[in-house]
Number of protein chains: 4
Amino acid sequence: MSNEQAKNPPGRPRSEKADQAILQTTLALLAEAGYAAISFEAVAARAGVGKTTIYRRYSSKEELVADALESVRQEISLPDTGHLWRDIELLIESASASTTNSFGRQLVALIVSTASTHPHFAQVYWNKYMQPRQQAFSVILERAKARQEIGADIDGALVFDLLSGIMLYALMFPPTTESWSAYVRRALELLLRGSGR
Amino acid sequence: MSNEQAKNPPGRPRSEKADQAILQTTLALLAEAGYAAISFEAVAARAGVGKTTIYRRYSSKEELVADALESVRQEISLPDTGHLWRDIELLIESASASTTNSFGRQLVALIVSTASTHPHFAQVYWNKYMQPRQQAFSVILERAKARQEIGADIDGALVFDLLSGIMLYALMFPPTTESWSAYVRRALELLLRGSGR
Amino acid sequence: MSNEQAKNPPGRPRSEKADQAILQTTLALLAEAGYAAISFEAVAARAGVGKTTIYRRYSSKEELVADALESVRQEISLPDTGHLWRDIELLIESASASTTNSFGRQLVALIVSTASTHPHFAQVYWNKYMQPRQQAFSVILERAKARQEIGADIDGALVFDLLSGIMLYALMFPPTTESWSAYVRRALELLLRGSGR
Amino acid sequence: MSNEQAKNPPGRPRSEKADQAILQTTLALLAEAGYAAISFEAVAARAGVGKTTIYRRYSSKEELVADALESVRQEISLPDTGHLWRDIELLIESASASTTNSFGRQLVALIVSTASTHPHFAQVYWNKYMQPRQQAFSVILERAKARQEIGADIDGALVFDLLSGIMLYALMFPPTTESWSAYVRRALELLLRGSGR
DNA sequence: TGTTAAACGAGACGGTACGTCCTGTCTTCTA
DNA sequence: TAGAAGACAGGACGTACCGTCTCGTTTAACA
């Protein structure tokens, strides 16, 4: 077949070094000064790269940042202590840990900021960060079902979504009468109440 | 008493007309072209007002928009059909209605966009838009408790928050396998399941 | 007769104190920071006076400054040593003295700056500063004529004008090969050469 | 040799077209509306050029105008009729001609206005406009000396300066009892009196 | 081993918006 | 009715980025 093998285009190939410099600079700026501080001009200057070189790769700030995020390695640990609550506890703790550092905070803020205006952006975040966690959560609930800690009819994904939703919500409108974590725990209890734990 | 009567400050008082022109122009731009299209320059030009006049009142775009939002009249209807589900249905419908028009959409997007970077912003939105609805929701649940449709121990505010949270969440990460409303309904059912409806 | 006596206008009379404050502040600013630094705003602020109060008196920056200049007391000394050259020497020295201090320098610069665009301005300067000196110079030359130091047909005013002219000229285009005063002296010699000194 | 050949700097070179547009617009504004009407904003708008493009070249209005003046072509005609007075007559006439048009008037006014505050400005004017005329004048006097119309000891440059000076002076303080040209002629006669014409 | 064609860094281009300053006018309260 | 205080519409200032463009210079695959 003709295009089975991607033929090398003529001319000088894209510089891998420039790729790296651009992405790393983008992530660095994101962590240090936030999304608003990212501009093609700033990235180019700091990465020691021409503006054209960036425009050739990305046609908007969002594309650039999305790609930078995609390049970050993520590892999800899947706790398995044999007890539903302890597993969940560990999961939340791990999520919390990756959100409290400077980069994580900026990242969440960024997602919230641009989810509405740049859906593609949220898509990347979903695939890369949320979905794996949703699946991990589901696995944990399946194990709990097998141990008959909770009812078999409960929808793990939905519980995860509700939990994520209220975390998001609490981020925008922080609870005033109790701590953030107490609030989330209360929500979790409500969610699992009917499930005969 | 000394400061019982607020004394007029010296000098020409702020122009009420300018106040109005600024706020209305801001809201108009928000509805028409979105938050990003709002600039002091644009508002000044369209409102027929000097830039200085705006800067005298607001020191940032966010302050300006926050004040504009605060100036919008909001009315919450409190349905009372005698049936929990029908009441909730009506409430959701009304919320949905005020979100589907151009201005509402821009507004929600804006809140989500800036909640993290400008907490004050979210505060205004909470006081003006969310809290009244939370209270309305609580009233409806109280009535349902009185009719023994649901258990007396359920926390209306928390349910409202969880519901709002998942709506927000679904806005950022739209469900792929089912419709938005079906998804929300499923969540609501899960929430009220343990409550002996 | 009706208007023989300037009738007091109704209402509050103009404040003498404000008059003074305005003029002095104007002169101070002129000496300190130059003509360009003078603005109605700046004068008002520093004089502790409303902008309106200044606008009521002067309709342009030039009027204001012209009036301020007019308020400065000037004294011309008329040297009479019995020798033409010594008299001229003293006159030049005195003129030079009143030009070398900060205020004098600013003043001359100002006149040069605005002579073309604001003739009225130069008029004030002429009446107040130049004419008296021209007359003093003429008197000195008349005395020299009486002593037969110079010919009777020489036009003192014209010589003064030529001398002033070249001083002005030398101010704009400073001589490069000799000192300012040597240059002026050379000119003076040329001017009086034909006059049998 | 190393720097014999000026190496091209990296990056896109300055646009010659923009250079021209800026200078011509500056001269046009100067001729039409005077120095005060020149603003970076106005020049940019009318020249169809970004403000930045002008700021990249000039850091002040004065620099800009100085360069614009420097770009104007000037030709000095050197009359040679064989008679001193007729030559001078022609020279003055030519100088007068180039000063009576709109541009010339603005130009002289400008020089006078800013000579004191922006010496560099006067420098350009001197090199470009005055010096050539001073030299032409000297040549004419030299010829007159050769013809023995005037004494050999007369300093042409100084006479020129005195003449220029009184013209300048008469511009600032116009003669009240006689015409401008009669006044200048009288001065010229005084200057050349001792020279046995 | 050259040729060639695209990518590269650098930086200028026409623009838009920023936030500050000043202008000349106006509107209020106080004296 | 003058005065101080200060708000008003307007407009220029000088700066920062935008997204596009034009340079001279690599850099590798193809001829």
Side-chain angles (χ1 to χ4, degrees), chain A residues 7-15 17-18 38-45 47-57 59-61, chain B residues 7-19 21 37-45 47-57 59-61, chain C residues 8-15 17-18 21 37-42 44-45 47-57 59-61, chain D residues 7-19 21 37-45 47-57 59-61:
Chain A
K7 208 186 135 199
N8 269 10
R12 178 175 176 177
R14 297 264 172 99
S15 155
K17 211 171 104 189
I38 293 179
S39 71
F40 278 56
E41 203 113 329
V43 173
V49 140
K51 270 202 289 180
T52 327
T53 303
I54 310 184
Y55 275 107
R56 198 172 289 120
R57 289 162 166 75
S59 54
S60 74
K61 195 163 99 165
Chain B
K7 209 188 138 202
N8 271 9
R12 178 176 177 176
R14 298 270 171 94
S15 157
E16 190 104 8
K17 212 169 103 189
D19 288 351
I38 292 179
S39 73
F40 278 55
E41 204 114 325
V43 173
V49 141
K51 268 200 291 180
T52 326
T53 303
I54 309 184
Y55 276 107
R56 200 173 287 121
R57 291 163 166 75
S59 54
S60 73
K61 196 162 99 166
Chain C
N8 269 11
R12 176 174 175 179
R14 296 257 173 107
S15 156
K17 212 169 102 190
I38 293 178
S39 72
F40 278 56
E41 201 111 329
V49 140
K51 270 199 292 179
T52 327
T53 304
I54 310 183
Y55 274 107
R56 199 173 287 120
R57 290 162 166 76
S59 55
S60 74
K61 194 163 100 166
Chain D
K7 211 188 135 202
N8 272 8
R12 178 177 178 174
R14 298 268 170 94
S15 157
E16 190 105 4
K17 212 170 104 190
D19 287 350
I38 294 179
S39 72
F40 278 54
E41 204 115 327
V43 173
V49 141
K51 268 201 290 180
T52 325
T53 302
I54 309 184
Y55 276 107
R56 200 172 287 122
R57 291 163 166 73
S59 54
S60 74
K61 194 163 99 167

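So that the names make sense, note that chain A is the first sequence line, chain B the second, and so on, each numbered from 1.
- For the helix from E/dT1-F/dA31 to E/dA31-F/dT1, the angle separating the two terminal helix axes comes to 10°, with each axis derived from five pairs and the value rounded to 10°.
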If a protein heavy atom is under 4.0 Å from the base, mark B; if only from the sugar-phosphate, S; if neither, -; do that for nucleotides 7-17 of chain E going 5' to 3'.
BBBBBBBBB-S

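- Minimum interatomic distance between D/I38 and D/K61 (heavy atoms only, all atoms of both residues): O-CD, 3.1 Å.
- The shortest side-chain heavy-atom distance between D/T53 and D/R14 does not fall under the 4.5 Å cut-off.
- The nearest pair of heavy atoms linking A/G50 to A/A44 is C-CB, 4.2 Å.
- Scanning all heavy atoms of the two residues, the minimum distance from B/A21 to B/A47 falls at O-CB, 3.8 Å.
- The two atoms that bring B/A37 and B/A42 nearest to each other are O-CB, 4.2 Å, heavy atoms only.
- Rounding to the nearest 0.5 angstrom, the gap separating the OH atom in D/Y55 from the OG atom in D/S60 is 10.0 Å.
- Put simply, CG on B/N8 is 12 Å from C1' on E/dT27, counting in whole angstrom units.
- In this entry the distance linking OH of A/Y55 with P of F/dC21 reads 12 Å, nearest Å.
- B/S15 contributes atom OG, which lies 6.5 Å from atom CZ of B/R57 (distance to the nearest 0.5 angstrom).
- Considering only residues two or more places apart in sequence or on other chains, C/K51 meets the side-chain hydrogen bond (donor to acceptor under 3.5 Å, both in side chains) condition with C/E41.
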